[in-house]
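First the structure, in the form of structure tokens, and then the observations on it.
Just so it is clear: chains get the letters A, B, ... in the order the sequence lines come, proteins before strands, and each one is counted from 1.
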Protein chains: 2
Amino acid sequence: MAPSSTSPTPHRRPRADAERNRTRVLDAAREVFRARGDEAQMPEVARAAGVGIGTVYRHFPSRAALIAAVGEQRQAEIVEFGRTRCLPSAAAADGLAAYIEHIGEVLSAERGLSASIEAAFGSTEPTGEGRARAETVAGQLLARAKEEGTVRPDVEVGDVVMIVCGLAAVIRNNAGDWRRYVRNACAGLRP
Amino acid sequence: MAPSSTSPTPHRRPRADAERNRTRVLDAAREVFRARGDEAQMPEVARAAGVGIGTVYRHFPSRAALIAAVGEQRQAEIVEFGRTRCLPSAAAADGLAAYIEHIGEVLSAERGLSASIEAAFGSTEPTGEGRARAETVAGQLLARAKEEGTVRPDVEVGDVVMIVCGLAAVIRNNAGDWRRYVRNACAGLRP
DNA sequence: TCATTAAACGGAATCGGATTCCGATTCCAC
DNA sequence: GTGGAATCGGAATCCGATTCCGTTTAATGA
């Protein structure tokens, strides 16, 4: 066996250029997907990032992985917004509504990212990390809202996640006025 | 110019074998997509239908068109169910809930079709026919429910369509207990 | 019934885009 | 500065959708 050196976590600090390129690719992907939708092609991303295709694949094993990574990044920003802008809200139910509304805002502004964000929020599988983060903010607002009596006590975080997932679909499919969807969905949580 | 014969609608009755094959392909596609999800491949559908790939493409110009066709067929069945089972419901609000619930039932039973059905119901574009059909049933139930006072008067058919669209996404992404989603969504329509 | 012809068939060939591979290059530790 | 592992780049490969065209078949009417 390896009599080697490294401890339980053999994470070696990546080479500087590697880290830089990873960021470039991610940023480029974000931009390209935003502009052209997620049907944009890998070579296009590579070109935009100023690297070879091989490099894109070194950092993201597949197109799907790249899209997911972009989605998670976006999702992290959304959650951050929730933490700083919505959690502090005096009325928790309003904070929750604002949180969901904000998600709609981001999604509709960057249609091309809908699918990836929908996946990041929705599915129970992916890393789980993303979903966990999202549930933290929503969970706290939800708990407070229940105390306030502005949300039914039987509502669970999962219910909110499903609303968000549906919201993404509504926007992606251009199914209608998503603000109405949000309004109705929130109404559905009230006592 | 064509001094020809046929009237405004030059629809010539298709050859018998053509019509038969079209049906075979559609049925095979439905089965294959149900079993393997919509990532199933065209050759697979052709094989299942017992025809050549060329024949599949003769009847459906593209993979997307085939998927859409399957979706529309499914959607038509759903609407039919709505017309016969839900419209007659004494309490319109219950009928509407049952309608939506039934859609969830079908979608979750045949996960592979979610995407196509979501598209058939959701998007404002495709033929419009599908959506129009769906709106008829939902619209009537909605109108009655408003009269009953069990649904807010400001609710529109589009709101219901968005709920359905979201439902499809929830199921497709396995985002949670879709029955809860439906329950909450319906609650959101009440006064 | 049989010939004629447009329509439909089948599947090999083509095309496009994701993914893999590997020689050339670049960082980092010594 | 040198050695060698980690990266890079992009040509080559793979895979599945779609097209093309020679062959077959259903419909028509002599």
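- One finds no salt bridge joining E19(B) and R22(B) here, because no Lys/Arg side-chain nitrogen approaches an Asp/Glu carboxylate oxygen to under 4.0 Å.
- Comparing dC9(C), dG10(C), dC8(D) by their nearest atom to the side chain of V51(B) picks out dG10(C).
- At a threshold of 4.0 Å, the pair E44(B)-R47(B) does not count as salt-bridged, since none of the basic side-chain nitrogens sits closer than that to a carboxylate oxygen.
- Computed from coordinates, the R47(A) CZ to dG10(D) P distance equals 12 Å when rounded to whole Å.
- Following rounding to the nearest Å, R24(B) (CZ) and dG10(C) (C1') show an atom-to-atom distance of 14 Å.
- The shortest distance between the side-chain N/O atoms of N21(A) and the OP1/OP2 oxygens of dT7(D) is not below 4.0 Å.
- R152(A) and D154(A) are joined by a salt bridge, as a carboxylate oxygen and a charged side-chain nitrogen come within less than 4.0 angstrom of each other.
- Side chains of R15(B) and N21(B) form no contact here, defined as non-hydrogen atoms less than 4.5 Å apart.
- In this structure, E44(B) atom CD and dC15(D) atom P are separated by 15 Å, rounded to whole Å.
- Under the rule for a salt bridge (charged side-chain N to carboxylate O under 4.0 Å, His left out), E148(B) has no partner lying at least two apart in sequence or in another chain.
- Ion pairing between a basic and an acidic side chain is recognised when a charged N comes within 4.0 Å of a carboxylate O; E105(A) and R179(A) show such pairing.
- Between R13(A) atom CZ and dA6(D) atom P the separation is 16 Å, expressed in whole Å.
- Between the CZ atom of R22(B) and the P atom of dA7(C) there is a distance of 17 Å, rounded to whole Å.
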*Quick one, give me the B/S/- string for nucleotides 17-30 of chain D, reading 5' to 3', where B means a protein heavy atom under 4.0 Å from the base and S means that only happens at the primed atoms, P, OP1 or OP2.*
SBB-----BSS---
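- Taking only side-chain nitrogens and oxygens, T55(A) never comes nearer than 4.0 Å to OP1 or OP2 of dT7(D).
- Under 4.0 angstrom from either OP1 or OP2 of dT7(D) there lies no side-chain N or O belonging to H59(A).
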